[in-house]
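Here's the structure we're looking at; comments come further down.
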Amino acid sequence: MNSNKSDSIWDLYISVLVELMSEIADMPTETIKSTLETPPDFKLGDVASTIAFNLAKTLKKNPKVIAEELTASFNEMTSQNPMFDRVEAKGPYINVFFNRSRLASDVIGLVLKKRSEYGKSRVFAGKRALVEFPAVNPSKPWHIGHTRNAVIGDTLCNILEAVGYDVLRIDYINDLGLQIAQLTWKLMKDDIDPNGKKYDHFLGHLYVDVQEKFETDPEVEREIREVSRRLEDLKSEESSVSREMVTNCVKAQCQTAYRLGIYHNVQVWESTIAHSGLLDKVKKILLSCDSIVKLEGGEKAGCIVAKLDSLEEFKDMKDPYKVLFRSDGTRTYTGADVAFQMWKFGIVDDPFLYEVFENQPNGKPVYRTSLKGKKKDWGKFNAVFNIIGSAQAHPQKLIYTILYLLGYHKESENSHHVAYEFVGLEDESFSGRKGTWVGYSCDDVLDRARELARKEVEMRNPDESDEFKDAVAESVGIGAVRYRLLNASPDRKITFRWHEVLDFNGDAGPYLQYSIARAKRILEKYDGGISPENVDLSVLTSDAEYELLKAIARFPNEVLEIVIGLKKEAWGTSFSSNRLTTYCYRLATLFSKLYETIPILKADEPMRKARVHLVEAFRQTMENGLRLLGVPIIERM
RNA sequence: GGGCCCGUGGCCUAGUCUGGAUAGGGCACCAGCCUCCUAAGCUGGCAUUCCGCGGUUCGAAUCCGCGCGGGCCCGCCA
């Protein structure tokens, strides 16, 4: 099975156990597997089986008796296998204890062999995924809700890569929206200077004013509609003003992304879609489908619509004829999204040229679609993930359904809406229109987190340089924010509260970072060197050591199971980012307990050496976990 | 009218897919722990019976049905 590919010690132990049990109980391995669970208390055993309940029905015997019988024959077999310590019956439960010494050697040996590769697997090797996020309008700074999107998207990509996927990270830049027209109008009318302000913030503030005028003054609205129309013409003055404005804004937004450690491969700009001929190509394909027609009469005469009334799940729509192209020939958002989704899967030839938008701090360029530049081939993708708020569940579903109607069944099935709930204030959501995001931009939140962390760093490291203090404070702030956003299950709303975001204690990013810093210090002070070949790890058998070892052993499974759990639901595809945060938090907790309760450097040999190796295995595993979460690793804090 | 999500101690939350042994954490609060590897830590205490009712089951926070409360969605808008 996949167990070999994932290189998990835990899987190895479990599969041997399952084989043995299957033989003894004379039942298929799959059945045995489904009865396994983790006992509520580790003292009861490492893994338990409830198989006695299943057998009780057919054998018409007390499950307790069955458990005792099975346990007896089990112990006979396991006594010869060095992987097991013993098996105990506790009521109807069969509890298995692995050999602690053996597991310790196996786990630490593997981690120290694989190093930064520990936790990765090749289970999905050869698969390719395209992931789109966060697609923020280039007219304002990211607020904390956009940040949730970006962090979820980035972490999903990291996890997909860890199990073997080749991932292309793309962003969508809507440079033709009404907001852009409004801002272009304003900039052309009054020659306003950003005055040193970060450009996205400058636009965001400007937008609040313009929006108000737009809503209250019909003349302003008329002028802005005209600007909007002229933006379609790439040679117009409006276009060139807009281009410069959007470029500056995206560059400013990228600064925020880079701060969070988020990078992309490609940006797809709406204006290039509009001028690429993509929409015409798509229109032809659409009209060849029976369920998509140009209406002759009725309210929607002249529109190209998708007829969804035959489909059970859409038959209750107010109007099951979904417009893709308006009667004037222009595309609706849904129409554009269908075209874009088809482009992502390579259903239509790539009409774009590409140029480098800018070079990112990670050393790689981010490309943008363009009307000049070079052709590029991104290849084909097995799956497309769109990171979008759950409010858009219905429209997303529509798009995937239309792909199905067109006959692209596989592509439809492999289209994933990774849905997440919004971040809001106590009794308000963030709105660019009303400017309620002010004070809650990603930059604002990161700045405040850094400021607070800085005080703590100052207290703990008064003699360090300012550079050190600044760098640590920034990393702590980023770790706190990223962790907070990932630790909430994506299907749960987040109510933004400063005291929660700025709490660096307990179940929070800095706690995980701190665990690494502590481990690192021990390792720095150790003089013996790390070499798994010359150490007796079998002495690591105490409860605290063993609990930590078991957690480390499970890391590859945790990563893999998150990907296996990416299932399509009615509302979107479930991505449990919180599973990884929860795992990492527990790992850190187990280390902290060990750290507080047993001496490491002060232990006598050979225990000292063995424990240091355990610390190193922990440090490596934790680092690998934090990399996936995008939480910065801090060596000293 | 229809659909989707959420409802767990004072607050936040894991667990719900794949039903099992006393429902895990965190914050807050109370009491302890730095001559010893960084106290952003550790130990102990206080507090819930998992929105309500009914059903399935040996067993339900978890599955099913009916409600209740909160949020979101069903445009030739953007």
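Numbered from 1 within each chain, the chains take letters A, B, ... in sequence-line order. Values below: every heavy atom of this structure, side chains too, minus hydrogens, waters and symmetry copies.
Using bins of under 30°, 30° to 60° and over 60° for the plane-to-plane angle, the ring pair A/His143/A/Phe430 lands in the tilted bin. Between A/Tyr172 and A/Phe340, the two ring planes are tilted [angle within 30° to 60°].
Because its glycosidic torsion is within 90° of 0, B/C34 is reported here as syn.
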Check the pair A/Glu623, A/Arg619 against salt bridge (charged side-chain N to carboxylate O under 4.0 Å, His left out), reporting the backbone distance first and the verdict last. CA-CA 6 Å; A/Glu623 270 198 31; A/Arg619 200 217 95 246; 3.0 Å; yes
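Legend: residues meeting ring-ring contact (aromatic ring centres under 6.0 Å, His included) with A/Phe53, ordered by chain and number and at least two apart, are A/Tyr93.
When each of B/C27, B/U38, B/C37 is scored by its nearest atom to the side-chain atoms of A/Asp503, the top-ranked nucleotide is B/C27. Listed candidates were B/A78, B/G41, B/C58. Nearest to the side chain of A/Leu178 is B/A78. Distances from the side chain of A/Arg518 to the nucleotides B/G25, B/C37, B/G41 place B/G41 closest. Closest to the side chain of A/Met317, from the set B/C36, B/G41, B/C74, is B/C74. In this structure, the nucleotide among B/A78, B/C74, B/U22 sitting nearest to the side chain of A/Tyr333 is B/A78. With B/U22, B/U38, B/C36 as the candidates, the nucleotide lying closest to the side chain of A/Leu44 is B/U22. Taking the side chain of A/Ala391 as heavy atoms from C-beta on, and the options B/C37, B/C72, B/U22, the nearest nucleotide is B/C72. The side chain of A/Ser327 has B/C76 as its nearest neighbour among B/C76, B/A21, B/C37. Closest contact between the side chain of A/Asp41 and the listed nucleotides B/U22, B/G41, B/C17 involves B/U22. Ranking B/U38, B/G2, B/C76 by closeness to the A/Thr332 side chain, first place goes to B/C76.
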Taking only distance into account, with no hydrogens and no angle test, what donor-acceptor pairs under 3.5 Å do side-chain atoms of residues 294-305 of chain A form with protein atoms, sequence neighbours excluded?
from: A/Lys300; atom 1: NZ; to: A/Asp319; atom 2: OD2; distance (Å): 2.8
from: A/Lys300; atom 1: NZ; to: A/Tyr321; atom 2: O; distance (Å): 2.8

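If you take CG on A/Leu548 and CG on A/Leu587, they are separated by 6.0 Å, rounding to the nearest 0.5 Å.
The base of B/A21 sits within donor-acceptor range of the side chain of A/Asn95, with an N or O pair under 3.5 Å.
Residue A/Phe53 is classed as a base contact, given a heavy-atom separation below 4.0 Å to a base. Here A/Ala419 lies out of heavy-atom contact (under 4.0 Å) with every strand. Nucleic acid contact for A/Val305: none, since no nucleic acid atom lies under 4.0 Å from a heavy atom of the residue. Counting non-hydrogen atoms under 4.0 angstrom, A/Val612 reaches nothing in the nucleic acid. Using a 4.0 Å heavy-atom cutoff across all strands shown, A/Tyr595 reaches at least one base atom of the nucleic acid. Contact annotation for A/Pro39: base contact, defined as any heavy-atom pair under 4.0 Å involving a base atom. Residue contacts for A/Leu295: at a heavy-atom cut-off of 4.0 Å it reaches no nucleic acid atom on any strand shown. Counting any heavy atom pair closer than 4.0 Å across all strands shown, A/Lys57 reaches a base atom.
Distances shorter than 4.0 Å separate some side-chain N or O of A/Lys525 from OP1 or OP2 on B/U38. Phosphate contact (OP1/OP2 of B/G24, side-chain N/O of A/Tyr583, threshold under 4.0 Å): absent. Side-chain N/O atoms of A/Lys593 include one lying less than 4.0 angstrom from OP1 or OP2 on B/U43. A close approach under 4.0 Å does not occur between any side-chain nitrogen or oxygen of A/Arg331 and OP1 or OP2 of B/C76. Under 4.0 angstrom from either OP1 or OP2 of B/C76 there lies at least one side-chain N or O belonging to A/Lys300. Distances shown here put a side-chain N or O of A/Arg521 below 4.0 Å from the OP1 or OP2 atom of B/U38.
The P atoms of B/A14 and B/G7 are separated by 7 Å, rounded to the nearest whole Å. The separation of B/U18 from B/U13, taken at their P atoms, amounts to 25 Å, rounded to a whole angstrom. Comparing B/G52 with B/C33, their P atoms sit 42 Å apart, to the nearest whole Å. Using atom P as the reference point in both B/A47 and B/A39, the two lie 31 Å apart (nearest Å). Taking atom C1' in both B/C63 and B/U16, the straight-line distance is 10 Å, to the nearest Å.
Proximity of A/Asn386 to A/His416: side-chain heavy atoms (C-beta onward) are nowhere separated by under 4.5 Å. Side-chain contact between A/Leu178 and A/Ile224 is present, with at least one heavy-atom pair separated by less than 4.5 Å.
Position along RNA chain B of the nearest nucleotide to A/Val323 versus A/Gly565 favours A/Gly565 as the more 5'-ward residue.
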What string of B, S and - do you get for nucleotides 5-16 of chain B, 5' to 3', if B is base contact, S is sugar-phosphate-only contact and - is no contact with any protein heavy atom under 4.0 Å? SSSB---SSSS-
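Between A/Phe504 and A/Tyr511, the gap from one ring centroid to the other reaches at least 6.0 Å.
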